[in-house]
Amino acid sequence: MKKINIAIAFMFLISLVYSPVHADEVKEVYLTFDDGPSHNTPQVLDILDKYNVKATFFVTGENARYQSYIRTAYLKGHAIGAHSYTHKYSIYQSEETYFEDLGNIEKIIKEQTGRTSKLIRFPGGSSNTVSRHYS
């Protein structure tokens, strides 16, 4: 059932990209995934390949056994961004805890891709309304 739901969601997004209102107007969709990699990552990559779609994966370090999927996504031409290593809001307790966590996920990204990423997505969002409750 999950496979079908993921495929339907992608087909909908693809239809947005390839069905402009006017012939000379180009629509763009920036497709992003958070909180991976996971056991679902290969399936997601297969669907993206099927429709020749690129995405940005904001990754965590929570699932060490799936870290090689970061390299796989990168080699397929997807962008890789840092989300957090632990994805625990306690990283917002201080600047030190935040940057330590960020450094840990950046290290994994570098190990898997050979490059550092300039993309960061904050756990809980960037407005800091979520993180303020955890400091």
Side-chain angles (χ1 to χ4, degrees):
M1 185 65 168
K2 287 182 183 179
K3 187 174 186 176
I4 292 170
N5 290 339
I6 291 172
I8 290 170
F10 282 123
M11 288 188 301
F12 172 72
L13 289 171
I14 301 309
S15 70
L16 291 176
V17 174
Y18 291 109
S19 59
V21 175
H22 303 285
D24 60 345
E25 181 180 317
V26 176
K27 290 185 178 184
E28 293 180 349
V29 174
Y30 292 88
L31 188 59
T32 64
F33 295 91
D34 290 3
D35 306 339
S38 73
H39 66 281
N40 293 317
T41 302
Q43 179 185 354
V44 169
L45 291 172
D46 287 346
I47 294 168
L48 293 171
D49 284 348
K50 179 178 179 179
Y51 294 99
N52 195 29
V53 172
K54 300 301 179 201
T56 301
F57 290 83
F58 289 96
V59 298
T60 69
E62 289 190 306
N63 297 307
R65 67 178 174 242
Y66 303 120
Q67 287 178 1
S68 66
Y69 297 154
I70 296 171
R71 174 176 290 143
T72 303
Y74 176 76
L75 292 174
K76 288 177 175 275
H78 302 285
I80 305 297
H83 196 32
S84 72
Y85 185 80
T86 62
H87 205 281
K88 294 180 180 171
Y89 296 139
S90 60
I91 65 172
Y92 296 120
Q93 289 177 346
S94 69
E95 285 184 38
E96 182 180 298
T97 57
Y98 174 77
F99 284 108
E100 180 181 343
D101 188 88
L102 182 62
N104 289 335
I105 192 58
E106 288 178 336
K107 180 180 176 188
I108 290 171
I109 292 170
K110 175 89 174 183
E111 289 170 356
Q112 293 298 320
T113 67
R115 305 185 83 180
T116 57
S117 179
K118 292 180 173 47
L119 304 173
I120 299 172
R121 178 170 285 169
F122 296 99
S126 60
S127 70
N128 212 22
T129 58
V130 171
S131 61
R132 118 173 40 140
H133 301 289
Y134 296 92
S135 56

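None of the values given here were measured: they were computed from a predicted structure.
In summary, the side chains of Thr86 and Asp101 do present a donor paired with an acceptor at a separation below 3.5 Å, with no hydrogens or angles considered.
Note: Tyr98 and Tyr92 have parallel aromatic rings, judged against thresholds of 30 and 60 degrees for the angle between ring planes. Tyr89 and His87 have tilted rings, their planes meeting at an angle from 30° to 60° on a 0 to 90° scale.
By the 4.5 Å heavy-atom criterion applied to side chains, Gln43 and Ile47 are counted as neighbours. By the 4.5 Å heavy-atom criterion applied to side chains, Leu45 and Phe57 are counted as neighbours.
Side-chain atoms of Lys54 do not come within 3.5 Å of backbone N or O of Leu48 as any donor-acceptor pair. Between the side chain of His78 and the backbone N or O of Ala55, at least one donor-acceptor pair lies under 3.5 Å.
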- Task: With side-chain contact (heavy atoms from CB on, under 4.5 Å) as the test, would you mind laying out the steps for Phe33 and Val44 before giving the verdict?
- Result: CA-CA 10 Å; Phe33 295 91; Val44 169; 3.6 Å; yes
- Test log, rule side-chain contact (heavy atoms from CB on, under 4.5 Å), inputs Leu31 and Val53: CA-CA 9 Å; Leu31 188 59; Val53 172; 4.1 Å; yes
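The CD1 atom of Ile70 sits 6.5 Å away from atom CD1 of Ile109, with the distance rounded to the nearest 0.5 Å. Between Arg65 atom CZ and Ser38 atom OG the span is 9.5 Å, to the nearest 0.5 Å. Atom OG1 in Thr60 sits 12.0 Å away from atom CG in Asn104 (nearest 0.5 Å). The structure places CD of Glu62 at 7.5 Å from NZ of Lys88, a figure rounded to the nearest 0.5 Å.
Thr97 and Ser90 get closest at one heavy-atom pair: OG1-O, 3.9 Å. Nearest heavy-atom pair, Pro37 versus Tyr66, reported as atom, atom and distance to 0.1 Å: CG-O, 3.1 Å. Here the shortest heavy-atom pairing between Glu111 and Arg71 reads O-NH2, 2.9 Å. Residues Val59 and Ile105 come closest through the heavy atom pair O-CG1, 3.6 Å. In terms of heavy-atom proximity, Pro123 sits nearest to Ile91 at CG-CD1, 4.0 Å.
Within a 6.0 Å radius of NZ in Lys107, no more than 12 heavy atoms belonging to other residues, nucleotides or ligands are found. By the neighbour-count criterion of 12 heavy atoms within 6.0 Å, atom OH of Tyr85 is sparsely surrounded, having that number or fewer from other residues, nucleotides or ligands.
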Check residues 114-122 and write down every donor-acceptor pair under 3.5 Å in which the side-chain atom is one partner and the other belongs to a residue at least two apart or another chain.
residue, atom, partner, partner atom, Å
Ser117, OG, Ile80, O, 2.6
Ser117, OG, Leu119, N, 3.1
Arg121, NH1, Thr32, OG1, 3.0
Arg121, NH1, Asp34, OD1, 2.7
Arg121, NH1, Asp34, OD2, 3.4
Arg121, NH2, Thr32, OG1, 3.4

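A single hydrophobic cluster is not seen to contain both Tyr30 and Tyr74; linkage of ILVMFWY side chains at heavy-atom distances under 4.5 Å, directly or through other members, places them apart.
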